[in-house]
Amino acid sequence: MMADPDAFLKELKAYNPYTVPAYVYQSFEQTLTLPYFDHDRMVDRSYALACLGSWVIAAVQSWKEAKQMVPVEAAALRADAAVAEAEKLPE
């Protein structure tokens, strides 16, 4: 991983959170509750570790928000379809 930092950075930037199974995020959520998984505590050990930990926290939060949006997006698609169908009806 750190033998080629540029490749690692490129991999992080290309990360697609929707390709990770839900059980992985759920296991991360358990890790986030551990007392030592805290940016301030991690930065004392390693700045790089703290930054990576912050990235994990943001990824899990993003996943939670995306999961909450699924029903909203589905409802929006149904509403769009209903409007399109209504516009096809003769007056």
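Just the heavy atoms: all of them, side chains too, but no hydrogens, waters or symmetry mates, feed the values below. It should be emphasised that the depicted structure is a prediction, and the values quoted were computed from it without experimental measurement.
Both Tyr23 and Leu32 belong to a common hydrophobic cluster when Ile, Leu, Val, Met, Phe, Trp and Tyr are linked at side-chain heavy-atom distances under 4.5 angstrom. If you chain together hydrophobic residues whose side chains sit under 4.5 Å apart, Val43 and Trp55 never meet in one group. No single ILVMFWY cluster, assembled from side-chain heavy atoms under 4.5 Å apart, contains both Ile57 and Tyr47.
Among residues two or more places apart in sequence or in another chain, the side chain to side chain donor-acceptor pair (under 3.5 Å) test is passed with Gln26 by none. Residues that satisfy the side chain to side chain contact (heavy atoms under 4.5 Å, CB included) test with Thr31, not counting sequence neighbours, are Leu34, Phe37. Residues that satisfy the salt bridge (charged side-chain N to carboxylate O under 4.0 Å, His left out) test with Glu29, not counting sequence neighbours, are Lys64.
No donor-acceptor pair under 3.5 Å is formed between the side chain of Ser62 and the backbone N or O of Ala58.
Heavy atoms only, all atoms of each residue included: Ala50 and His39 are closest at O-CD2, 3.5 Å.
The structure places CG of Leu12 at 13.0 Å from NZ of Lys10, a figure rounded to the nearest 0.5 Å. A distance of 10.0 Å separates CG of Asp4 from CD of Glu11, quoted to the nearest 0.5 Å.
Taking the side chain as every heavy atom from C-beta outward, Arg41 and Pro35 approach each other to under 4.5 Å.
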